[in-house]
Protein chains: 2
Amino acid sequence: MRARDGDDSVSVSGSALGYALLSLLTRGPATGYQLTQRMKSPIGHFWTAQHSQIYPELARLAAAGWVEAAEGDGPGPRQKKTYTLTPDGLAALREWLPRPPVVAPRSETVLKAYAANSADPAAMADLYGGIAARQRSLLDEWTREAAMLRDAGHDDPAHPGFGNYAVLLMGIESARSTAAWADWLVTCLRTGRAVGFGDPIPSGA
Amino acid sequence: MRARDGDDSVSVSGSALGYALLSLLTRGPATGYQLTQRMKSPIGHFWTAQHSQIYPELARLAAAGWVEAAEGDGPGPRQKKTYTLTPDGLAALREWLPRPPVVAPRSETVLKAYAANSADPAAMADLYGGIAARQRSLLDEWTREAAMLRDAGHDDPAHPGFGNYAVLLMGIESARSTAAWADWLVTCLRTGRAVGFGDPIPSGA
DNA sequence: AGTTGACATGTCAGAAGTTACATAGTGAGG
DNA sequence: CCTCACTATGTAACTTCTGACATGTCAACT
């Protein structure tokens, strides 16, 4: 499945996680621990991984020659390893990037809406009210973050931080849509009547 | 993990897939094959499963007493089983629905944008141009579908088809956001300059 | 002096999900 | 007559992901 030593001819194919780690390493060398942190924001809103998945994957990437580890003394009993993207790794990433992505959406939030009228409308309204509130708070936070990045020039496609900015914008769009949809759902569930999407929310009536 | 015969006291916890199948069965009895089809639209845009996952899960649900199988002759060598949601199954679903959903977003599309400036801008612009086009065609299709459902009264929260309508609306919102974002990305990548989100797209200039 | 949290790396068991294999009847179209 | 697509149910091998276990240092706070 992945290249072994002296097996250069085989087309080396990585998992999405592998490419995610390579992407993170384009931001500079890092330890597995730092990659775990770096994955949290902003890409974490669209791609997550635990350290228990990251460490073995880094070992595989190193075996494939896509990353290189510099060892040093760590705080614990083991060696601390700082990984760097190799030219081969960058080439692999560049080859993977323009390929059409695998679309595999999975949202428990929407799944629950699918069965919404099997449950108590008031309870479901509360659920989606909470979801809308959380999405709006994320929206606020990310909007402020995006403004800062824009001021720092990250909206320039040539800026190394452009990817972060792009992800943040998608996060904002996604939060906005979800909040608007959840608001509509809440209004439907609370009034018990058909409501047009985007119709004004009847306030305290 | 799941209840066995005569083990009623244990809190029976299901997987998200199990609840997805229960949700599908609120639309009426179905075979595993029919559930596989039923899952494709519209909930398939936010939750998918292969038949190889569905058949064993149905067996587990039956063992837990959440669904009941009526056997009959099938086209192949095996018995055809038509599953029905039991009162216990509906109760379990109703208990699960209002609980806060697990949020686990995963989008290769956004992941690739995160590393966009490691690749050839023209290739990435093509990629996101294609994505925007596909999202717009889905948007068209779903908008027409939603209009039909609305005419059929599915926008009434009491209508059994309300869940389908709600999922479709989220699909529409999601496609709209993604298309707008992809358009912005394409403009950035093609012009090579900072572009405001929502700014008019320079046409053939 | 003791606790908590951050830094740092790993393993293991199990759950969840994908792909391919296996079987077989019916009806439509070429 | 043959092939293809649809209906229908399952298994097996494999990959991916989560959650828990395991270890140990250092700095800050109580």
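Just so we're on the same page: letters track the sequence lines, and every chain starts at 1.
Taking the side chain as every heavy atom from C-beta outward, D126(B) and P98(A) never approach each other to under 4.5 Å. At a threshold of 4.5 Å between non-hydrogen side-chain atoms, the residues L21(A) and L24(A) count as touching.
Separation of the Y165(A) and W142(A) ring centroids does not fall under the 6.0 Å cut-off.
Side-chain proximity of R106(A) to dA6(C), dG17(C), dT11(D): nearest is dG17(C). Comparing dT18(D), dA8(C), dA12(D) by their closest approach to the side chain of S52(A) singles out dT18(D).
In terms of phosphate contacts, Q34(A) brings no side-chain nitrogen or oxygen within less than 4.0 Å of OP1 or OP2 of dC7(C). Between Q53(B) and dT18(C), a side-chain N or O to OP1/OP2 separation shorter than 4.0 Å is present.
When the nearest nucleotides of DNA chain D are assigned to Y55(B) and A104(B) by heavy-atom distance, the more 5′-ward of the two goes with Y55(B).
Summarising the geometry, atom OG1 belonging to T178(B) is positioned 10.5 Å from atom CD belonging to E173(B); distances are rounded to the nearest 0.5 Å.
The separation between L17(A) atom CG and dA16(C) atom C1' is 16 Å, rounded to whole Å. Rounding to whole angstrom units, CG of residue L35(A) and C1' of dG10(C) are separated by 15 Å. If you take CD of E57(B) and C1' of dG10(D), they are 15 Å apart, rounded to a whole angstrom.
Using a cut-off of 4.0 Å between Lys/Arg side-chain N and Asp/Glu carboxylate O, D73(A) and R78(A) are scored as not salt-bridged.
Cation-pi check for R38(A) over Y33(A) is not met; the charged atom does not lie both under 6.0 angstrom from the ring centroid and within 45 degrees of its normal.
Non-hydrogen atoms lying under 4.0 Å from DNA chain C are contributed by G76(B), P77(B), all within residues 76-83 of chain B. If you check residues 42-51 of chain B against DNA chain C, the residues with a heavy atom closer than 4.0 Å are Q50(B), listed by number.
Remark: Y128(B) engages W181(B) in a ring-ring contact (aromatic ring centres under 6.0 Å, His included) (not counting sequence neighbours).
Screening R134(A), Q135(A), R136(A) for a side chain to side chain contact (heavy atoms under 4.5 Å, CB included) involving L138(A) leaves a single residue, Q135(A).
G74(B) comes within contact range of no nucleotide atom at all, as no heavy-atom separation falls under 4.0 Å.
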